[in-house]
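Here is the structure we will look at.
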Amino acid sequence: MASGRGGSIGIGKETTWGTAVAPTQFYNGTEAISEERGRLREAITFGSRAVQPADAGRLRISGPISGVHARPVGLGHLLRAALGAPTTTGASAPYSHAFKPAATKFSAAAALPPYSVTVKRDTGMIHRYSGGQLNRLTLTQPKDDALSVDTDWIAKGVADVSDTVIVAETTQRFRYQHLAVLRDAAPFLTLESLTVTIENNLETEELLNASDEISGVDFGDSSIKIDMTMSFQSLADYGDFKANVTRPWKFTWTVDVGNSLELSIPRLNLDAFGAPISAAGRLTASASGQAEFDAVAGHSLQATLKNSQATY
């Protein structure tokens, strides 16, 4: 009998889109990557009511890896997969990696830096999904737990492979007590939860080229959404929402001098705000908005990750 505890999830950085590589970074979490293998059948079969034999259809691979606790090194690979390669500075550890939404494609066939995703579900069922493109990345920080990461992938191909020894990252997780928030360069002390969603809206290409796999992945219109809940102690954010005023926000997790994550948003436009009365006690407010492109900063979001990794 197979069990999830006996499995593993790992990713490896591809040089060429669709050329599979073994995993080098492993994550604890859940996954639901699935293969859709269409079946081609004639719509009408005369003289019979029975289902007739089918031909194989297109191969389409997609699905999530969820509930991953963010650690300084492993998070960098997911940010690279979602945003593009970073600009790295530093002659020795700690290194600083600055990620911004990619303006150009990784290659003619791949929108973003490709990864192979290897999932072990049983000793006889280890699948390596090649040409992985990270379609959606969600960072969630609750008020009393670790920063968690949910991802949603598109892949090109799949192969059965042999097992790979897990090498777990041992650095501390980013947690709730590591987070400091700035709104308009001033400390914001009433945040209760935060969700940042990077939506790439990738578009796959399927061609008549003697293959059942996708032939390429291109950019769609991207968006970066911010959802927050906060103790309702001020009308400032409601005022911004009502007046369509944007503000810079900065979210910084600091584990120690060598490990940190900073999310800098130069223009956050709140498009929803509410503070419902749901009980007799204190009120909380919820706000959501979009990170808008800022011409001066040159981006809508910059994620700066400091860790011991020399390069991504």
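Position 1 is the first residue of the sequence, and the numbers go up from there.
Applying the 6.0 Å contact sphere to NZ of K225 captures no more than 12 heavy atoms from other residues, nucleotides or ligands. For I277, the CD1 atom is loosely surrounded, since the number of other residues' heavy atoms within 6.0 Å does not exceed 12. Annotation for N209: atom CG counts as buried by contact number, over 12 foreign heavy atoms lying within 6.0 Å. Within a 6.0 Å radius of OH in Y238, other residues, nucleotides and ligands contribute 12 heavy atoms or fewer. Counting non-hydrogen atoms of other residues, nucleotides and ligands closer than 6.0 Å to CG of N28 gives a total of 12 or fewer. In Q177, the CD atom is crowded: over 12 heavy atoms of neighbouring residues, nucleotides or ligands sit closer than 6.0 Å. Heavy atoms from other residues, nucleotides or ligands lying under 6.0 Å from NZ of K105 number more than 12.
Judged by distance alone, with hydrogens and angles left aside, the side-chain atoms of R267 form no donor-acceptor pair with the main-chain N or O of I265 at under 3.5 Å. Panel note: side chain T151, backbone I65; a donor-acceptor pair is recorded below 3.5 Å. Checked by atom type and distance alone, the side chain of Y27 pairs as donor or acceptor with a backbone atom of G74 at under 3.5 Å.
Annotation: side chain of Q133 is in contact with side chain of W17 (closest heavy-atom distance under 4.5 Å). Between R80 and Y115 there is a side-chain heavy-atom pair separated by less than 4.5 Å. Residues P94 and V257 form no side-chain contact, since every pair of their non-hydrogen atoms from C-beta on lies 4.5 Å or further apart. Contact annotation: the side chain of L301 never approaches that of F99 to less than 4.5 Å [non-hydrogen atoms, C-beta and beyond]. In this structure, the side chains of L59 and E35 come closer than 4.5 Å at one or more pairs of heavy atoms.
A chain of hydrophobic side-chain contacts below 4.5 Å, direct or via other Ile, Leu, Val, Met, Phe, Trp or Tyr residues, connects W249 to L261. When hydrophobic clusters are built by joining Ile, Leu, Val, Met, Phe, Trp and Tyr residues whose side-chain heavy atoms come closer than 4.5 Å, directly or via intermediates, L191 is grouped together with L235.
Between the side chains of S116 and E14, at least one donor N or O lies within less than 3.5 Å of an accepting N or O. Side-chain N/O atoms of N307 and T171 include no donor and acceptor closer than 3.5 Å. In summary, the side chains of D294 and H299 do not present any donor paired with an acceptor at a separation below 3.5 Å, with no hydrogens or angles considered. Side-chain contact of S260 with T254: a donor-acceptor pair under 3.5 Å is absent, judged by distance alone. Between the side chains of Q233 and S231, at least one donor N or O lies within less than 3.5 Å of an accepting N or O.
With rounding to the nearest 0.5 angstrom, the CD atom of Q309 is 11.5 Å from the CG atom of N259.
Among N200, I61, T204, the one residue that satisfies the side-chain contact (heavy atoms from CB on, under 4.5 Å) test with I154 is T204.
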